[in-house]
Amino acid sequence: MDFRETIIKIIKKSTGLDENAIDKALSVPPDQKLGDFAFPCFILSKKEKKPPVEIAKDLAGKIKPGKEIEKVEAVGPYLNFFLNKSQLNQRTLTSVTKDKDDYGKGAEKKENVMIEYHQPNTHKAFHIGHLRNAVLGDAIIRSVRFAGYKVVAATYMGDIGMHVAKVLWYLKTYHKGPYPEKNRGEWLGEMYVKAQNEYEKHEQHEKEVKELLQKYEAGDKELHELWKKTRQWSLDDFDVIEKELALNIDVRFYESEVEKEGKDMVLDLKKRGIAVESEGALIMDLEKYNLGIFLVLKGDGTSLYSTKDFALAKRKFEKFKIDRSFHVIGSEQKLYMKQLFKSLEILGFPQASKCQHISYELVTLKEGKMSSRAGTGISYNDFKNKMFEKAGKEVRKRHKDWKREDIEKAISQVAFAAMKFGMLNQDNNKKIVFDMDKALDFEGETGPYVQYAHARACSILRKAGTKPKADVKFELLDQEIEKKVIMLLNKFSEVVEQVAQSYRPMLMTRYCIELAQTFNEFYHSCQILREEEDLKNARLLLVDCVRQVLKNALDLLGIEAPEQM
Ligand code: ARG
């Protein structure tokens, strides 16, 4: 049991509040002088019919200090708890050493959660907005899972629709071959840009593309062949990206596999009078919920996102028995997602109320556009190559003596850390103007900075030559900075839980920075290897625990923790 739980139990015993309410209210004071935990008594004033200041006073008199708690003090409306230092040290460091990679993990929970993310469209370039989605979704999945929930990680690829029809139309009308041998997914992305340009040249083209889509949806063999072949080119590219980003994927959905079922569903809705015809198209009137008109089938009978999303939701709910369903999707789809969830409710899915849109904002580059081949966005490949080039300079500068393959591994670790951390160290609802040099700065608030702190801990442990002892004189860790480090280690599971509840991995990037900075401060102000035996052992154990927690935290962000940098 950790300290937080101990304190929750104590408060529960003397107030009768339920554990969840206490857990929500219990906080860590900004200043250590105010104790290690603070409980705001105003949440009790309604029940007790007394001012919170009085309640705090009463409770402070009632709660007796014990083995874990040194002192309980009322300060204004707050009840402040001071932990017993050597107990705190011992418990924290012992549980890190014991739990290792599982340190910070939440208790198993019954709920089944599906998190849909990584929904790029085939026949189009994978750009840095898709990267933000993938990295964000993956970090949320890792944290929700680590917090104890059963998570099904799902992708949903847009492999059919107008964008695909445009490319097929372009290939059939303007580019009859030859097709490239390599990088075919990327090439398709370029074809999409060309197709789009051509498409806009004549009004006539819209009709042509629509006809092609109708023909395709009606089952045209030749079009289907071309679709199947080209679709695979994009999927092969996505496969490479998924591997290099180490994304968690349990199930894969495709728009093409729910298209037919979606159509059947909306036609059935028409029969039941839930969807009605309007100017040839099928719509659901959501005006009375202030959600406007929801288009569910186009006038020419072809499907829309909504058509397919109905069937997708059905599959998710029925086949996977999920209790909650999350969608990591850009903020521009906010209204659409509200319309969708409301419609699912009208359709009679009880899980509709458990659907949630995890929205995030756009990404641009500080440098602006990189090339026009990918259209208006910045292609992931261009971005990644540039990041590798820049990371390469940094790594080579530092390690002239390293073997080639070690250098290459380090470059990749640093580059991906910078990309991922840069994407996550910003709140979901804020735009990112990605600054490549800043993201790679070893001294900034970056992925490589956190990795470096981890590598430093590893290097100290290597120099010590022996494995740190688990049984040390815990009371020797009595410096202010040491206590700060230990409190942070202790806080880790709380941060995991917060990320899992709020879907904001930024809380974890902030935690990483804070732990890395505090550790560096400790390293600069406390000697380790030159101390006398007992203190040296205690500090080495602390270093080892910081190493472990940094590794666990980075892992939740999908970032590797190198032992040498
Ligand atoms: N592929 C779509 C796009 O790029 C996003 C799909 C979002 N997911 C969903 N269930 N509608 O715009």
Side-chain angles (χ1 to χ4, degrees), residues 113-138 140-141 152-167 185 188-189 192-193 196 231 234-235 237-238 241-242 247 249 251-259 261-263 265-266 284 294-297 303-317 319-320 322 324-344 347 349 351-352 354-363 374-380 428 503:
V113 185
M114 182 175 278
I115 302 178
E116 181 206 300
Y117 78 122
H118 185 47
Q119 313 101 325
N121 295 325
T122 64
H123 302 77
K124 273 176 106 166
F126 193 94
H127 56 70
I128 55 173
H130 294 114
L131 175 64
R132 183 173 191 182
N133 177 307
V135 168
L136 175 67
D138 187 53
I140 294 172
I141 288 162
V152 185
T155 70
Y156 180 49
M157 307 215 164
D159 60 345
I160 192 63
M162 273 306 269
H163 65 284
V164 179
K166 279 178 196 164
V167 174
L188 268 185
Y192 175 78
V193 178
Q196 182 61 26
R231 168 188 187 264
S234 293
L235 295 183
D237 267 20
F238 296 160
I241 295 172
E242 286 157 17
L247 301 182
I249 299 173
V251 289
R252 292 167 188 278
F253 298 112
Y254 299 94
E255 287 187 19
S256 60
E257 63 179 7
V258 286
E259 194 260 329
E261 194 183 340
K263 258 190 214 167
M265 279 173 82
V266 293
M284 281 172 73
F294 194 35
L295 197 57
V296 297
L297 194 69
S303 53
L304 289 143
Y305 274 142
S306 52
T307 327
K308 294 171 270 193
D309 259 323
F310 286 159
L312 176 68
K314 187 163 180 261
R315 253 182 220 212
K316 286 183 181 175
F317 297 151
K319 196 159 159 222
F320 291 90
I322 51 173
R324 287 198 281 163
S325 180
F326 297 128
H327 305 69
V328 182
I329 299 179
S331 63
E332 71 282 358
Q333 308 235 13
K334 258 191 192 144
L335 173 65
Y336 171 78
M337 294 314 286
K338 280 192 190 148
Q339 292 176 319
L340 174 65
F341 298 156
K342 182 49 86 182
S343 307
L344 291 175
L347 262 63
F349 289 109
Q351 298 93 331
K354 299 289 175 69
C355 286
Q356 196 176 324
H357 176 196
I358 300 176
S359 146
Y360 64 91
E361 275 295 335
L362 297 175
V363 190
T376 47
I378 290 147
S379 104
Y380 165 75
N428 304 358
Y503 327 114

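Indexing begins at 1, ligand by ligand and atom by atom, following the structure's order.
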In the protein, which heavy atom is nearest to [atom], and how far is it?
atom                    : answer
atom 12 (O) of ligand 1 : Tyr305 OH, 3.0 Å
atom 4 (O) of ligand 1  : Asn121 ND2, 3.1 Å
atom 6 (C) of ligand 1  : Gln119 CB, 3.9 Å

Min N/O separation [X] to ligand 1 under 3.5 Å:
X      : result
Tyr156 : no
Tyr336 : no
Asp309 : yes

For Gln333, the ligand 1 atoms whose distance to one of its heavy atoms is below 4.0 Å: 12 (O)
Contacting atoms of ligand 1, where contact means under 4.0 angstrom from a heavy atom of Ile329: 7 (C), 8 (N), 9 (C)
Checking the side chain of [X] only, and the main-chain atoms of [Y] only, is there a donor and an acceptor separated by less than 3.5 Å?
X      : Y      : answer
Ser306 : Leu295 : yes
Asn428 : Tyr503 : yes
Asp159 : Tyr254 : no

Is there a heavy atom of Glu255 sitting under 4.0 angstrom from any atom of ligand 1? yes
Could you establish whether Glu116 and ligand 1 come within less than 4.0 Å of each other, counting only heavy atoms on the residue side? yes
Between His327 and Tyr336, does the ring centre distance come in under 6.0 Å? no
Can you confirm whether or not the ring centre of Tyr117 sits under 6.0 Å from the ring centre of Phe326? no
Describe, in one word, how the ring planes of Phe126 and Phe238 are oriented to each other, choosing from parallel (under 30°), tilted (30 to 60°) and perpendicular (over 60°). tilted
Report yes or no: do Asn133 and Gln119 form a side-chain donor-acceptor pair below 3.5 Å? yes
